[in-house]
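When reading the values below, keep in mind they use all heavy atoms of this one structure, side chains included, and skip hydrogens, waters and symmetry mates.
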Amino acid sequence: MAEIKLSEMRDLTRIERIGAHSHIRGLGLDSSLEARSVSEGMVGQTQARKSAGIILQMIKEGKIAGRAVLLAGQPGTGKTAIAMGMAKSLGDSTPFASISASEIFSLEMSKTEALMQAFRRAIGVRIKEETEIIEGEVVEVSIDRPAAAGAASKSGKLTLKTTEMETVYDLGVKMIEALGKEKVQSGDVIAIDKASGKITKLGRSFARSRDYDAMGPQTKFVQCPDGELQKRKEVVHIVTLHEIDVINSRTQGFLALFTGDTGEIRAEVREQIDTKVAEWREEGKAEIIPGVLFIDEVHMLDIECFSFLNRALENEMAPILVVATNRGITTIRGTNYKSPHGIPIDLLDRLLIITTQPFSEDEIRKILDIRCQEEGVDMSEEAMVLLTKIGVETTLRYAINLITGAALACQKRKGKIVEMEDISRVYQLFLDVKRSTQYLMEYQSQYMFSEVPTGEGDEDEANAMVSQ
(Lines give C-alpha, C1' and ligand atoms only; values in the text may rest on other atoms or scores of the structure.)
Protein backbone atom coordinates (compact mmCIF):
# COMPACT_ATOMS: atom_id res chain seq x y z
CA MET A 1 0.00 0.00 0.00
CA ALA A 2 1.43 3.39 -0.99
CA GLU A 3 2.51 5.62 1.88
CA ILE A 4 0.61 8.93 2.09
CA LYS A 5 2.75 11.97 2.83
CA LEU A 6 0.94 14.37 5.15
CA SER A 7 2.92 17.33 3.78
CA GLU A 8 1.32 16.81 0.36
CA MET A 9 -2.24 16.94 1.69
CA ARG A 10 -3.91 20.32 1.06
CA ASP A 11 -7.01 21.93 2.49
CA LEU A 12 -8.87 22.90 -0.69
CA THR A 13 -11.68 24.71 1.15
CA ARG A 14 -9.49 27.77 1.76
CA ILE A 15 -7.03 29.13 -0.78
CA GLU A 16 -4.86 32.07 0.22
CA ARG A 17 -2.65 34.02 -2.15
CA ILE A 18 0.41 35.82 -0.84
CA GLY A 19 0.11 39.49 -1.77
CA ALA A 20 2.45 42.45 -1.44
CA HIS A 21 0.90 43.40 1.92
CA SER A 22 -0.47 40.06 3.14
CA HIS A 23 2.03 40.10 6.04
CA ILE A 24 0.53 43.29 7.50
CA ARG A 25 -1.61 42.56 10.61
CA GLY A 26 -1.91 46.10 12.03
CA LEU A 27 0.07 49.27 12.77
CA GLY A 28 2.27 47.61 15.43
CA LEU A 29 1.52 50.11 18.24
CA ASP A 30 1.35 49.48 21.99
CA SER A 31 -1.44 50.72 24.32
CA SER A 32 0.18 54.17 24.64
CA LEU A 33 0.31 54.51 20.82
CA GLU A 34 4.10 54.12 20.75
CA ALA A 35 5.39 52.26 17.68
CA ARG A 36 7.23 49.00 18.32
CA SER A 37 10.33 48.56 16.11
CA VAL A 38 9.00 45.30 14.56
CA SER A 39 5.40 44.32 15.20
CA GLU A 40 2.34 43.04 13.27
CA GLY A 41 4.38 42.92 10.05
CA MET A 42 5.37 46.61 10.29
CA VAL A 43 9.05 47.64 10.39
CA GLY A 44 10.47 51.14 10.96
CA GLN A 45 8.54 54.33 10.04
CA THR A 46 7.91 54.91 13.77
CA GLN A 47 6.87 58.58 13.39
CA ALA A 48 4.48 57.83 10.52
CA ARG A 49 2.93 54.90 12.41
CA LYS A 50 2.50 56.96 15.59
CA SER A 51 0.75 59.66 13.55
CA ALA A 52 -1.50 57.05 11.90
CA GLY A 53 -2.23 55.58 15.35
CA ILE A 54 -3.47 58.96 16.66
CA ILE A 55 -5.73 59.34 13.58
CA LEU A 56 -6.97 55.77 14.20
CA GLN A 57 -7.82 56.53 17.83
CA MET A 58 -9.78 59.61 16.78
CA ILE A 59 -11.69 57.52 14.20
CA LYS A 60 -12.59 54.88 16.82
CA GLU A 61 -13.79 57.52 19.28
CA GLY A 62 -15.81 59.25 16.53
CA LYS A 63 -14.03 62.58 17.19
CA ILE A 64 -12.91 63.12 13.61
CA ALA A 65 -15.12 63.52 10.57
CA GLY A 66 -14.70 65.09 7.18
CA ARG A 67 -10.93 65.18 7.68
CA ALA A 68 -8.29 64.09 5.23
CA VAL A 69 -4.80 62.63 5.74
CA LEU A 70 -2.00 62.61 3.14
CA LEU A 71 0.66 59.89 3.22
CA ALA A 72 3.58 61.35 1.28
CA GLY A 73 6.94 59.72 0.62
CA GLN A 74 9.27 58.17 -1.93
CA PRO A 75 8.27 54.96 -3.76
CA GLY A 76 8.71 51.82 -1.65
CA THR A 77 8.64 53.53 1.78
CA GLY A 78 5.49 51.79 3.08
CA LYS A 79 2.64 54.26 2.43
CA THR A 80 0.16 51.60 1.29
CA ALA A 81 1.36 49.31 4.11
CA ILE A 82 0.43 51.98 6.69
CA ALA A 83 -3.03 52.34 5.09
CA MET A 84 -3.49 48.53 5.16
CA GLY A 85 -2.34 48.51 8.81
CA MET A 86 -5.02 51.11 9.60
CA ALA A 87 -7.65 48.95 7.87
CA LYS A 88 -6.63 45.83 9.86
CA SER A 89 -6.55 47.79 13.17
CA LEU A 90 -10.06 49.20 12.61
CA GLY A 91 -11.53 45.69 12.33
CA ASP A 92 -14.59 44.47 10.40
CA SER A 93 -17.11 46.78 12.10
CA THR A 94 -15.64 49.96 10.54
CA PRO A 95 -15.99 50.28 6.73
CA PHE A 96 -12.72 50.64 4.80
CA ALA A 97 -12.93 51.34 1.06
CA SER A 98 -9.80 51.37 -1.07
CA ILE A 99 -9.45 52.62 -4.64
CA SER A 100 -6.68 53.71 -6.99
CA ALA A 101 -7.14 57.22 -8.41
CA SER A 102 -6.80 56.00 -12.01
CA GLU A 103 -9.80 53.61 -11.52
CA ILE A 104 -12.36 56.39 -11.77
CA PHE A 105 -11.32 57.25 -15.34
CA SER A 106 -11.98 53.72 -16.61
CA LEU A 107 -15.49 53.22 -15.19
CA GLU A 108 -18.65 53.61 -17.27
CA MET A 109 -19.87 56.56 -15.21
CA SER A 110 -18.87 60.14 -14.47
CA LYS A 111 -15.78 60.81 -12.36
CA THR A 112 -17.73 62.52 -9.59
CA GLU A 113 -20.27 59.66 -9.46
CA ALA A 114 -17.44 57.12 -9.06
CA LEU A 115 -15.96 59.20 -6.22
CA MET A 116 -19.39 59.61 -4.59
CA GLN A 117 -19.95 55.84 -4.67
CA ALA A 118 -16.49 55.33 -3.11
CA PHE A 119 -17.41 57.87 -0.38
CA ARG A 120 -20.72 56.09 0.32
CA ARG A 121 -18.95 52.70 0.50
CA ALA A 122 -16.82 54.13 3.32
CA ILE A 123 -19.80 55.19 5.49
CA GLY A 124 -21.49 52.46 7.52
CA VAL A 125 -24.92 52.40 9.16
CA ARG A 126 -25.35 50.26 12.27
CA ILE A 127 -29.07 49.34 12.26
CA LYS A 128 -30.61 47.94 15.44
CA GLU A 129 -33.85 46.00 15.48
CA GLU A 130 -35.63 43.85 18.04
CA THR A 131 -36.87 40.43 17.00
CA GLU A 132 -38.71 37.67 18.82
CA ILE A 133 -36.84 34.39 18.89
CA ILE A 134 -37.39 30.94 20.33
CA GLU A 135 -34.15 29.62 21.81
CA GLY A 136 -33.73 26.24 23.46
CA GLU A 137 -32.25 22.74 23.47
CA VAL A 138 -33.91 20.17 21.19
CA VAL A 139 -35.27 17.28 23.26
CA GLU A 140 -37.03 15.41 20.44
CA VAL A 141 -37.92 15.86 16.77
CA SER A 142 -40.71 13.59 15.55
CA ILE A 143 -41.89 13.80 11.93
CA ASP A 144 -44.94 11.87 10.62
CA ARG A 145 -44.44 11.03 6.95
CA PRO A 146 -47.54 9.91 4.97
CA ALA A 147 -47.41 6.27 3.83
CA ALA A 148 -49.04 6.91 0.42
CA ALA A 149 -47.83 9.47 -2.10
CA GLY A 150 -51.25 11.09 -2.44
CA ALA A 151 -51.88 11.36 1.30
CA ALA A 152 -51.83 14.57 3.33
CA SER A 153 -48.54 16.43 3.67
CA LYS A 154 -46.12 15.45 6.42
CA SER A 155 -46.39 16.98 9.88
CA GLY A 156 -44.39 16.73 13.07
CA LYS A 157 -43.63 17.91 16.59
CA LEU A 158 -40.56 19.65 18.03
CA THR A 159 -39.84 19.53 21.75
CA LEU A 160 -37.63 22.36 23.05
CA LYS A 161 -36.47 23.02 26.62
CA THR A 162 -34.54 25.53 28.69
CA THR A 163 -33.28 25.07 32.25
CA GLU A 164 -36.72 26.21 33.51
CA MET A 165 -39.35 25.01 31.04
CA GLU A 166 -40.16 22.58 28.20
CA THR A 167 -42.66 23.08 25.32
CA VAL A 168 -43.89 21.04 22.34
CA TYR A 169 -44.40 22.87 19.02
CA ASP A 170 -46.40 21.62 16.03
CA LEU A 171 -44.38 21.76 12.80
CA GLY A 172 -45.54 22.70 9.31
CA VAL A 173 -43.96 21.60 5.99
CA LYS A 174 -41.61 24.60 5.74
CA MET A 175 -40.29 24.18 9.29
CA ILE A 176 -39.74 20.45 8.71
CA GLU A 177 -37.72 21.25 5.57
CA ALA A 178 -35.70 23.91 7.44
CA LEU A 179 -34.92 21.47 10.28
CA GLY A 180 -33.83 18.85 7.75
CA LYS A 181 -31.65 21.36 5.91
CA GLU A 182 -29.85 22.37 9.13
CA LYS A 183 -29.58 18.66 10.15
CA VAL A 184 -31.10 19.43 13.57
CA GLN A 185 -31.16 16.50 15.99
CA SER A 186 -31.85 15.99 19.70
CA GLY A 187 -29.17 17.62 21.83
CA ASP A 188 -28.68 20.62 19.51
CA VAL A 189 -29.24 24.14 20.85
CA ILE A 190 -31.14 26.16 18.21
CA ALA A 191 -32.65 29.63 17.75
CA ILE A 192 -35.78 30.18 15.62
CA ASP A 193 -36.68 33.66 14.33
CA LYS A 194 -40.45 33.95 14.77
CA ALA A 195 -40.91 36.51 12.00
CA SER A 196 -39.00 34.73 9.22
CA GLY A 197 -38.88 31.14 10.53
CA LYS A 198 -35.11 31.03 10.06
CA ILE A 199 -33.38 28.35 12.11
CA THR A 200 -29.85 28.91 13.44
CA LYS A 201 -27.91 26.06 15.02
CA LEU A 202 -25.95 27.51 17.98
CA GLY A 203 -24.14 24.27 18.90
CA ARG A 204 -24.48 21.05 20.91
CA SER A 205 -25.56 21.00 24.53
CA PHE A 206 -22.85 20.23 27.11
CA ALA A 207 -25.19 17.59 28.55
CA ARG A 208 -24.81 15.59 25.29
CA SER A 209 -21.02 15.97 25.01
CA ARG A 210 -20.48 12.26 25.80
CA ASP A 211 -23.02 10.93 23.28
CA TYR A 212 -20.29 10.14 20.72
CA ASP A 213 -16.70 8.94 21.13
CA ALA A 214 -15.39 11.08 18.26
CA MET A 215 -16.58 14.42 16.90
CA GLY A 216 -15.29 16.84 14.24
CA PRO A 217 -13.28 19.96 15.16
CA GLN A 218 -16.21 22.17 14.04
CA THR A 219 -18.48 20.82 16.82
CA LYS A 220 -19.21 23.62 19.29
CA PHE A 221 -20.61 22.97 22.77
CA VAL A 222 -22.88 25.54 24.47
CA GLN A 223 -24.86 25.73 27.71
CA CYS A 224 -28.56 24.94 27.71
CA PRO A 225 -30.40 28.33 27.57
CA ASP A 226 -32.01 29.56 30.76
CA GLY A 227 -35.24 31.52 31.34
CA GLU A 228 -38.20 31.38 28.97
CA LEU A 229 -38.14 29.85 25.49
CA GLN A 230 -39.49 33.00 23.79
CA LYS A 231 -37.19 36.01 24.08
CA ARG A 232 -36.83 39.47 22.58
CA LYS A 233 -33.36 39.94 21.16
CA GLU A 234 -31.66 43.01 19.67
CA VAL A 235 -30.08 42.24 16.29
CA VAL A 236 -27.46 44.59 14.84
CA HIS A 237 -26.81 44.82 11.08
CA ILE A 238 -23.96 46.88 9.61
CA VAL A 239 -24.45 48.01 6.01
CA THR A 240 -22.83 50.78 3.97
CA LEU A 241 -24.75 53.70 2.51
CA HIS A 242 -23.71 52.55 -0.98
CA GLU A 243 -25.35 49.14 -0.40
CA ILE A 244 -28.59 50.88 0.66
CA ASP A 245 -28.34 53.12 -2.43
CA VAL A 246 -27.97 50.14 -4.80
CA ILE A 247 -30.80 48.14 -3.20
CA ASN A 248 -33.20 51.09 -3.47
CA SER A 249 -32.20 52.23 -6.98
CA ARG A 250 -32.47 48.89 -8.83
CA THR A 251 -35.54 46.81 -9.63
CA GLN A 252 -33.66 43.59 -8.83
CA GLY A 253 -32.80 44.96 -5.36
CA PHE A 254 -29.81 43.51 -3.53
CA LEU A 255 -28.98 41.19 -6.48
CA ALA A 256 -27.40 44.25 -8.15
CA LEU A 257 -24.73 44.14 -5.45
CA PHE A 258 -23.58 40.74 -6.75
CA THR A 259 -23.83 41.52 -10.46
CA GLY A 260 -21.60 44.59 -10.03
CA ASP A 261 -23.75 46.57 -12.51
CA THR A 262 -24.55 49.44 -10.14
CA GLY A 263 -24.44 52.24 -12.74
CA GLU A 264 -25.15 55.83 -11.79
CA ILE A 265 -27.46 56.39 -8.83
CA ARG A 266 -29.84 59.38 -8.94
CA ALA A 267 -29.36 62.20 -6.42
CA GLU A 268 -33.07 61.96 -5.39
CA VAL A 269 -32.57 58.35 -4.25
CA ARG A 270 -29.59 59.36 -2.11
CA GLU A 271 -31.50 62.31 -0.60
CA GLN A 272 -34.42 60.02 0.37
CA ILE A 273 -32.02 57.49 1.92
CA ASP A 274 -30.17 60.22 3.86
CA THR A 275 -33.51 61.52 5.19
CA LYS A 276 -34.60 58.02 6.24
CA VAL A 277 -31.24 57.31 7.95
CA ALA A 278 -31.52 60.67 9.78
CA GLU A 279 -34.99 59.60 11.02
CA TRP A 280 -33.60 56.26 12.25
CA ARG A 281 -30.81 58.13 14.07
CA GLU A 282 -33.34 60.36 15.88
CA GLU A 283 -35.43 57.32 16.86
CA GLY A 284 -32.31 55.49 18.11
CA LYS A 285 -32.71 52.68 15.56
CA ALA A 286 -29.46 53.41 13.71
CA GLU A 287 -26.12 55.13 14.10
CA ILE A 288 -23.62 56.33 11.52
CA ILE A 289 -20.12 54.81 11.44
CA PRO A 290 -17.74 57.10 9.53
CA GLY A 291 -15.25 54.74 7.90
CA VAL A 292 -12.08 55.29 5.90
CA LEU A 293 -11.70 55.90 2.16
CA PHE A 294 -8.15 55.26 0.93
CA ILE A 295 -7.20 56.72 -2.47
CA ASP A 296 -3.81 55.54 -3.69
CA GLU A 297 -1.83 57.48 -6.35
CA VAL A 298 -3.97 60.56 -5.64
CA HIS A 299 -1.89 62.72 -8.05
CA MET A 300 -3.72 60.89 -10.90
CA LEU A 301 -6.96 62.75 -10.05
CA ASP A 302 -7.70 65.88 -12.07
CA ILE A 303 -8.75 69.37 -11.00
CA GLU A 304 -12.49 68.50 -11.24
CA CYS A 305 -12.05 65.57 -8.84
CA PHE A 306 -10.06 67.72 -6.38
CA SER A 307 -12.85 70.34 -6.45
CA PHE A 308 -15.39 67.58 -5.74
CA LEU A 309 -13.29 66.29 -2.80
CA ASN A 310 -13.15 69.82 -1.32
CA ARG A 311 -16.96 69.98 -1.31
CA ALA A 312 -17.55 66.35 -0.30
CA LEU A 313 -15.34 66.67 2.81
CA GLU A 314 -17.67 69.40 4.14
CA ASN A 315 -20.65 67.00 4.15
CA GLU A 316 -21.77 65.97 7.66
CA MET A 317 -21.66 62.29 6.67
CA ALA A 318 -18.18 62.34 5.11
CA PRO A 319 -15.75 59.51 5.91
CA ILE A 320 -12.09 59.93 6.86
CA LEU A 321 -10.16 60.40 3.62
CA VAL A 322 -6.65 58.92 3.46
CA VAL A 323 -4.71 59.66 0.27
CA ALA A 324 -1.20 58.59 -0.75
CA THR A 325 1.25 59.89 -3.34
CA ASN A 326 4.91 59.46 -4.25
CA ARG A 327 5.18 62.64 -6.37
CA GLY A 328 7.11 65.81 -5.52
CA ILE A 329 6.32 69.18 -7.08
CA THR A 330 4.42 68.25 -10.23
CA THR A 331 1.67 69.46 -12.55
CA ILE A 332 -1.93 69.28 -11.34
CA ARG A 333 -3.72 67.04 -13.83
CA GLY A 334 -6.07 69.05 -16.05
CA THR A 335 -4.14 72.32 -15.59
CA ASN A 336 -0.76 73.84 -16.49
CA TYR A 337 -0.01 74.76 -12.87
CA LYS A 338 2.48 72.98 -10.64
CA SER A 339 1.86 72.19 -6.99
CA PRO A 340 3.39 70.04 -4.21
CA HIS A 341 2.38 66.38 -4.75
CA GLY A 342 0.21 67.45 -7.73
CA ILE A 343 -2.59 68.49 -5.31
CA PRO A 344 -4.15 72.01 -5.35
CA ILE A 345 -3.09 74.26 -2.46
CA ASP A 346 -6.68 74.70 -1.13
CA LEU A 347 -7.04 70.91 -0.70
CA LEU A 348 -3.49 70.54 0.67
CA ASP A 349 -4.46 73.06 3.38
CA ARG A 350 -7.18 70.66 4.61
CA LEU A 351 -4.82 67.67 4.79
CA LEU A 352 -2.91 66.36 7.79
CA ILE A 353 0.36 65.33 6.14
CA ILE A 354 2.26 62.23 7.30
CA THR A 355 5.67 61.69 5.66
CA THR A 356 7.48 58.38 5.27
CA GLN A 357 11.28 58.08 5.22
CA PRO A 358 13.52 55.68 3.24
CA PHE A 359 14.29 52.45 5.09
CA SER A 360 17.72 51.88 6.66
CA GLU A 361 19.81 48.78 5.86
CA ASP A 362 18.80 47.15 9.17
CA GLU A 363 15.09 47.79 8.48
CA ILE A 364 15.40 46.37 4.93
CA ARG A 365 16.94 43.22 6.46
CA LYS A 366 14.00 42.86 8.90
CA ILE A 367 11.42 43.39 6.12
CA LEU A 368 13.12 40.73 3.94
CA ASP A 369 13.10 38.33 6.94
CA ILE A 370 9.33 38.88 7.35
CA ARG A 371 8.70 38.37 3.61
CA CYS A 372 10.76 35.13 3.58
CA GLN A 373 8.67 33.89 6.50
CA GLU A 374 5.43 34.91 4.77
CA GLU A 375 6.40 33.15 1.51
CA GLY A 376 7.78 30.07 3.32
CA VAL A 377 11.35 30.44 2.03
CA ASP A 378 14.35 29.27 4.09
CA MET A 379 17.39 31.43 3.34
CA SER A 380 20.99 31.15 4.59
CA GLU A 381 22.62 34.04 6.46
CA GLU A 382 25.05 34.78 3.59
CA ALA A 383 22.21 34.86 1.04
CA MET A 384 20.19 37.20 3.28
CA VAL A 385 23.19 39.57 3.65
CA LEU A 386 23.59 39.63 -0.16
CA LEU A 387 19.86 40.21 -0.70
CA THR A 388 19.90 43.06 1.85
CA LYS A 389 22.85 44.65 0.01
CA ILE A 390 20.91 44.37 -3.28
CA GLY A 391 17.90 46.02 -1.57
CA VAL A 392 20.06 48.94 -0.38
CA GLU A 393 21.76 49.49 -3.75
CA THR A 394 18.61 49.01 -5.90
CA THR A 395 15.13 49.10 -4.31
CA LEU A 396 13.34 47.18 -1.57
CA ARG A 397 10.61 46.05 -4.01
CA TYR A 398 13.21 44.58 -6.39
CA ALA A 399 14.83 42.66 -3.51
CA ILE A 400 11.42 41.30 -2.37
CA ASN A 401 10.66 40.18 -5.94
CA LEU A 402 13.90 38.16 -6.01
CA ILE A 403 12.84 36.00 -3.02
CA THR A 404 10.40 33.76 -4.93
CA GLY A 405 12.73 33.54 -7.96
CA ALA A 406 15.64 32.49 -5.71
CA ALA A 407 13.42 29.87 -4.03
CA LEU A 408 12.55 28.37 -7.45
CA ALA A 409 16.24 28.38 -8.47
CA CYS A 410 17.06 26.55 -5.20
CA GLN A 411 14.25 24.05 -5.87
CA LYS A 412 15.62 23.42 -9.39
CA ARG A 413 19.04 22.42 -8.02
CA LYS A 414 17.18 20.27 -5.41
CA GLY A 415 18.36 22.37 -2.49
CA LYS A 416 16.38 23.09 0.68
CA ILE A 417 17.90 26.41 1.75
CA VAL A 418 18.38 29.38 -0.58
CA GLU A 419 22.12 30.13 -0.93
CA MET A 420 24.14 33.02 -2.39
CA GLU A 421 24.40 31.27 -5.77
CA ASP A 422 20.57 31.28 -6.10
CA ILE A 423 20.39 35.03 -5.34
CA SER A 424 23.22 35.71 -7.85
CA ARG A 425 21.47 33.63 -10.51
CA VAL A 426 18.14 35.51 -10.31
CA TYR A 427 20.01 38.85 -10.01
CA GLN A 428 21.62 38.12 -13.37
CA LEU A 429 18.33 36.93 -14.92
CA PHE A 430 16.17 39.90 -13.85
CA LEU A 431 17.37 43.49 -14.23
CA ASP A 432 16.61 46.32 -11.83
CA VAL A 433 15.71 49.83 -13.05
CA LYS A 434 19.31 51.15 -13.02
CA ARG A 435 20.77 48.28 -15.07
CA SER A 436 17.80 48.31 -17.45
CA THR A 437 18.24 52.06 -18.06
CA GLN A 438 21.99 51.60 -18.63
CA TYR A 439 21.25 48.84 -21.15
CA LEU A 440 18.76 51.08 -23.00
CA MET A 441 21.29 53.91 -23.19
CA GLU A 442 23.86 51.57 -24.75
CA TYR A 443 21.53 49.96 -27.30
CA GLN A 444 18.77 52.55 -27.79
CA SER A 445 19.66 53.06 -31.46
CA GLN A 446 18.56 49.46 -32.14
CA TYR A 447 15.07 49.99 -30.60
CA MET A 448 11.93 51.14 -32.41
CA PHE A 449 11.17 54.88 -32.28
CA SER A 450 14.27 55.53 -30.18
CA GLU A 451 15.31 59.12 -29.65
CA VAL A 452 19.06 59.62 -29.59
CA PRO A 453 20.00 62.41 -27.12
CA THR A 454 20.67 65.55 -29.18
CA GLY A 455 21.65 68.05 -26.54
CA GLU A 456 23.30 68.31 -23.14
CA GLY A 457 19.90 68.47 -21.40
CA ASP A 458 18.83 65.06 -22.77
CA GLU A 459 22.15 63.47 -21.78
CA ASP A 460 21.93 64.92 -18.27
CA GLU A 461 18.39 63.56 -17.91
CA ALA A 462 19.47 60.06 -19.00
CA ASN A 463 22.49 60.12 -16.65
CA ALA A 464 20.22 61.22 -13.79
CA MET A 465 17.98 58.16 -14.40
CA VAL A 466 21.00 55.84 -14.12
CA SER A 467 22.37 57.50 -11.00
CA GLN A 468 18.99 57.34 -9.16
Side-chain angles (χ1 to χ4, degrees), residues 58-69 90-99 103-104 107-132 193 195-196 232-295 301 304-323 347 350:
M58 291 163 80
I59 293 168
K60 286 179 179 176
E61 291 176 7
K63 292 181 179 176
I64 181 170
R67 303 287 181 85
V69 180
L90 283 169
D92 295 332
S93 59
T94 307
F96 185 93
S98 177
I99 64 166
E103 278 180 42
I104 67 166
L107 297 171
E108 292 179 355
M109 61 180 80
S110 67
K111 294 175 286 189
T112 52
E113 173 65 20
L115 279 172
M116 178 56 84
Q117 289 192 12
F119 261 70
R120 306 276 286 188
R121 268 201 297 271
I123 304 166
V125 184
R126 188 184 282 121
I127 301 167
K128 301 170 190 170
E129 61 175 354
E130 278 197 348
T131 57
E132 283 197 5
D193 188 335
S196 63
R232 291 189 71 82
K233 194 173 183 181
E234 190 179 75
V235 182
V236 178
H237 309 283
I238 297 176
V239 291
T240 67
L241 282 177
H242 176 65
E243 288 168 350
I244 302 173
D245 292 345
V246 173
I247 290 166
N248 286 279
S249 66
R250 293 286 174 274
T251 51
Q252 67 265 43
F254 75 96
L255 291 174
L257 290 170
F258 301 104
T259 60
D261 180 27
T262 55
E264 296 209 8
I265 295 164
R266 288 179 293 116
E268 301 84 52
V269 173
R270 289 202 175 106
E271 283 172 15
Q272 289 170 6
I273 289 164
D274 289 347
T275 308
K276 195 67 183 173
V277 170
E279 283 177 22
W280 290 344
R281 283 174 71 187
E282 287 175 12
E283 293 168 10
K285 288 182 181 177
E287 60 179 286
I288 298 292
I289 312 166
V292 177
L293 171 61
F294 175 57
I295 304 178
L301 294 179
E304 294 168 18
C305 297
F306 287 127
S307 300
F308 174 83
L309 289 180
N310 262 329
R311 179 70 187 88
L313 285 171
E314 292 172 356
N315 195 321
E316 62 176 9
M317 288 206 294
I320 314 306
L321 181 65
V322 179
V323 298
L347 181 58
R350 294 173 184 267

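Summarising the geometry of Ala312 relative to Ala318, their closest heavy-atom pair is O-CB, 3.5 Å, with the distance given to 0.1 Å. Considering every non-hydrogen atom in both Gly291 and Pro319, the closest pair reads O-CB, 3.5 Å.
Between Glu279 and Lys276 the shortest side-chain heavy-atom distance falls below 4.5 Å. Taking the side chain as every heavy atom from C-beta outward, Lys128 and Glu287 approach each other to under 4.5 Å. Between Trp280 and Ile288 the shortest side-chain heavy-atom distance does not fall below 4.5 Å. A heavy-atom distance below 4.5 Å is found between the side chains of Glu314 and Arg350. Between Arg270 and Ile265 the shortest side-chain heavy-atom distance falls below 4.5 Å. A 4.5 Å side-chain heavy-atom check between Leu347 and Leu313 finds at least one atom pair inside the cut-off. At least one side-chain heavy atom of Arg120 sits less than 4.5 Å from a side-chain heavy atom of Ile273.
Summarising the geometry, atom CD1 belonging to Ile104 is positioned 12.0 Å from atom CD belonging to Gln117; distances are rounded to the nearest 0.5 Å. Separation of atoms CD1 (Ile289) and CD1 (Ile123) is listed at 11.0 Å; rounding is to 0.5 Å. One distance of note links CD of Gln272 with CD1 of Ile244; it measures 13.0 Å at 0.5 Å rounding. For the atom pair Asp245 CG and Asp274 CG, the distance stands at 7.5 Å (nearest 0.5 Å). For the atom pair CG (Leu309) and CG (Leu115), the distance works out to 5.5 Å, reported to the nearest 0.5 Å. Atom CG of Leu321 sits about 5.0 Å away from atom CZ of Phe119, to the nearest 0.5 Å.
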**Audit row: Arg121, Ile99, side-chain contact (heavy atoms from CB on, under 4.5 Å) steps and yes/no** = CA-CA 11 Å; Arg121 268 201 297 271; Ile99 64 166; 4.1 Å; yes
**Message:** The test is side-chain contact (heavy atoms from CB on, under 4.5 Å); show your working for Val323 and Leu301 and say whether it passes.
**Reply:** CA-CA 11 Å; Val323 298; Leu301 294 179; over 6 Å; no
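Other residues, nucleotides and ligands place more than 12 heavy atoms under 6.0 Å from the CZ atom of Arg232. Heavy atoms from other residues, nucleotides or ligands lying under 6.0 Å from NZ of Lys111 number more than 12.
Judged purely by atom type and a 3.5 angstrom limit, Glu113 has no side-chain atom pairing as donor or acceptor with the backbone of Ser110.
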